[in-house]
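First the structure, in the form of structure tokens, and then the observations on it.
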Amino acid sequence: MSTPVRTRFAPSPTGHLHVGSARTALYNWLHARHTGGTFVLRVEDTDAARNTEASRDAILSGLEWLGMDWDEGPVAGGNYGPYFQSERKEVYDRYLAQLEASGRVYEDEDGALRFRVPDQAITVDDLVCGTQTINLKKQGSTRWDAELKKDVPSNPDLVIRRADGSYIFHFVNVVDDIDMKITHVIRGEDHLSNTPKHVALYEALAAPLPTFSHIPLNLNADGSKMSKRDQGASITDYIEQGFLPSAVCNYIALLGWSPKDDEEIFSPEELVKRFELTGINRSNSRFDFKKCLWLNSEHLRRLDAQSLLEKSQSFLKDQNIPLDDPRLPAALQLVRERAETLTQIPTGIAAIFSDTVEIEADVLGKISGKENIAGLLQGLHGAFAASEDEWTADNIKALIVVSAEKLDVKMGALMLPCRIAATGKSGGPDLIPLLELIGRERVIDRIAALIKVLPE
RNA sequence: GACCCGUUCGUCUAACGGUUAGGACACCGGGUUUUCAUCCCGGCAAUAGGGGUUCGAUUCCCCUACGGGUCGCCA
């Protein structure tokens, strides 16, 4: 019988939730959910100078938005708390005492406590990167000085506690993983080279090693390192730009992991079902914003009507579209087919709900030069105004067809001018049902208005 | 500089040592449609380079190049 899986995500609250971090969190969450294990959220807030409350809130709400619920951690509680490192000094003192009892801790000349690293090869087994062997004593006895551009002598022994009594990352990270009984450490490849240090600490503390999986890093589209200011680096960007959490999860899951077949559109539930640590690949990947957009549009289409309304709500409100308007459900169905993001939803259907439309100069330019535009619009206006049929999509289409025949043009020639008149835009949802929703009076008025502003 | 990890179409990726090296996004072209779009069809496009091992290498080994990471009393 194997021990139940416990994974963790351990952010330090010094900024927003970065997509790279979100992916690390996702892999941990997916592995826990896939195996029926436990997902722990631990806040590594030992750097008092850089931590902020706002950052902590942003990270937590970002995870919530993405749908990654944690079984243990802030708010959720759990048996291995507290889940803020700033509240765990007592735990660290206890483990320090244990480490001191092993005789491998000493105080250096500056008053810091150091862990004496073993002068022997340490083997790290990594599920993704394979096995590697390093001697920390040899490796750490010199250090690269970036300014001098050369190796300088260095103390290989690891500082674990500063002279002021505060603990260092490597120590608290390992202690917490031991104390919280973490079985799988899934983190960025930037920690791979630190792992021998961690392994040495596990061994000195006589704790069983977790399974390590170091995942490749994400880079910008141009291959450069992703920094906090880069476009699309923060989960907040995706929220504001109208992405669906399921699409963002889907996209970042695929950046460094593959189900090994040709499927690539997955709901969170499907990801949980399909995700395997062994499917993680070894090379860095770059962000492709267009593919992320495409996935978002696919997820948008798969949303049921109720969810679509819920997800769109805040975006509709921003554009003053009334949520209780009886035409809204039909309008949403109409616009979803063509929307890539939620922000495009209100834009696409605004003409239905607003009293007036603005026609941008460049949009007007698309028809103003064409031959007999005013005549075409006159014809259409006349047909719409004269008809006594009910204002339905079918009847509207019939009116356009008849007008086109009378005017001796193809139906398509009427569509763009009509769209511009009715919506002020050159693109958008399927025009005829849109006209139905806008209403006869408004369509007629808007065509008349356009004719007036058309240059002769 | 030392050590570690990596390198398949522009991008994300697939391929028991044997495939015409597959899929997706993007891009280009054609078609359907009432317009833009969707949709359908088609096209473009890759094993970083050089040596081995092997009947046969994208796959295994070595070298080089390139990319990334670590070398903190940041996490």
Side-chain angles (χ1 to χ4, degrees), chain A residues 10-14 44-47 49-51 85 108 110-114 124 126 128-130 132-136 138-146 148-152 154 156 158-164 166-170 172-173 188-197 214 216-217 219 221 223-225 251 254-265 281-295 297 301 337-340 348 366 393 396-397 400-401 404 410-420 425-434:
Chain A
S12 60
T14 57
E44 304 211 325
D45 56 349
T46 54
D47 187 348
R50 296 197 316 162
N51 295 325
Q85 286 187 330
D108 70 11
D110 299 317
L113 258 34
R114 285 185 183 259
V124 176
D126 190 282
V128 177
C129 304
Q132 54 200 284
T133 306
I134 280 175
N135 184 319
L136 288 174
K138 289 195 172 72
Q139 185 76 88
S141 55
T142 60
R143 176 176 62 83
W144 176 250
D145 189 308
L148 298 177
K149 292 203 171 194
K150 63 175 200 176
D151 284 328
V152 297
S154 172
L158 209 61
V159 173
I160 56 175
R161 200 184 71 179
R162 301 179 186 90
D164 68 2
S166 63
Y167 289 96
I168 296 294
F169 162 76
H170 299 293
V172 297
N173 186 267
E189 199 190 278
D190 48 338
H191 288 296
L192 183 60
S193 299
N194 288 327
T195 306
K197 295 173 191 167
H214 286 92
L217 271 19
L219 307 175
S224 63
K225 262 179 78 172
Y251 181 67
L254 255 21
L255 236 35
W257 170 82
S258 158
K260 308 298 180 194
D261 60 23
D262 289 342
E263 274 184 75
E264 53 184 359
I265 299 171
N281 48 258
R282 304 137 289 269
S283 52
N284 293 349
S285 53
R286 303 175 183 207
F287 262 76
D288 183 352
F289 193 69
K290 284 189 174 167
K291 183 143 189 181
C292 190
L293 269 179
W294 171 76
L295 268 176
S297 65
R301 287 191 198 139
E337 290 299 321
R338 308 181 177 207
E340 285 181 313
K366 290 187 179 186
I396 296 166
K397 183 176 177 182
I400 298 176
V401 169
K410 284 194 297 184
M411 183 175 174
L414 292 180
M415 299 300 281
L416 183 61
C418 181
R419 174 186 290 282
I420 290 174
K425 299 181 194 311
S426 59
D430 196 9
L431 181 58
I432 291 172
L434 190 61

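Sequence lines set the chain letters: A, B, ... in the order given, protein chains first and strands last, and positions in each chain run from 1. Scope of the values below: all heavy atoms of this structure, side chains included, with no hydrogens, waters or symmetry mates.
Contact annotation: A:K291 side-chain N/O to B:C12 OP1/OP2 distance is not under 4.0 Å. Distances shorter than 4.0 Å separate some side-chain N or O of A:N281 from OP1 or OP2 on B:U13.
Closest heavy-atom contact between A:L434 and A:G348: CD1-O, 4.4 Å. When every heavy atom of A:M411 is checked against every heavy atom of A:I400, the shortest pair comes out as CG-CG2, 3.9 Å. Among all heavy-atom pairs drawn from A:I168 and A:R161, the shortest one is CG1-N, 4.2 Å.
Here the separation of B:G56 from B:A24, taken at their C1' atoms, is 31 Å to the nearest Å. Comparing B:C41 with B:C25, their P atoms sit 11 Å apart, to the nearest whole Å. Annotation: B:U58 and B:G18 have their C1' atoms spaced 12 Å apart (nearest Å). With P as the reference atom, B:G49 and B:U7 are 14 Å apart, rounded to whole Å.
Nucleic acid contact class of A:D430 (heavy atoms, under 4.0 Å, all strands): base. Within the nucleic acid shown, A:L431 comes within 4.0 Å of at least one base atom, counting heavy atoms only. Counting any heavy atom pair closer than 4.0 Å across all strands shown, A:K150 reaches no nucleic acid atom.
For the side-chain hydrogen bond (donor to acceptor under 3.5 Å, both in side chains) test, residues two or more places apart in sequence or in another chain that qualify with A:N135 are A:D119.
Taken to the nearest 0.5 Å, the CG atom of A:L295 stands 15.0 Å off from the NZ atom of A:K290.
Summarising the base pairing, B:A48 is matched to B:U64 through a Watson-Crick or G-U wobble pair whose two defining distances lie under 3.5 Å. Pair check for B:C39 finds B:G31; Watson-Crick or G-U wobble, both atom distances under 3.5 Å. Pairing for B:G10 is with B:C25, a Watson-Crick or G-U wobble pair whose two hydrogen-bonding atom distances lie under 3.5 Å. The partner of B:G18 is B:C55, by the rule that a Watson-Crick or G-U pair needs both atom distances under 3.5 Å. Base pairing annotation: B:U70 forms a Watson-Crick or G-U wobble pair with B:A2, both donor-acceptor distances under 3.5 Å.
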Under-3.5 Å N/O pairs linking protein and nucleotides 8-10 of chain B:
none

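Of the N and O atoms on the side chains of A:Q132 and A:D126, not one donor lies less than 3.5 Å from an acceptor on the other residue.
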Using a 4.0 Å cut-off on protein heavy atoms (strictly under), produce a 5'-to-3' string for nucleotides 70-75 of chain B with B for base contact, S for backbone-only sugar-phosphate contact, and - for none.
SBSBBB
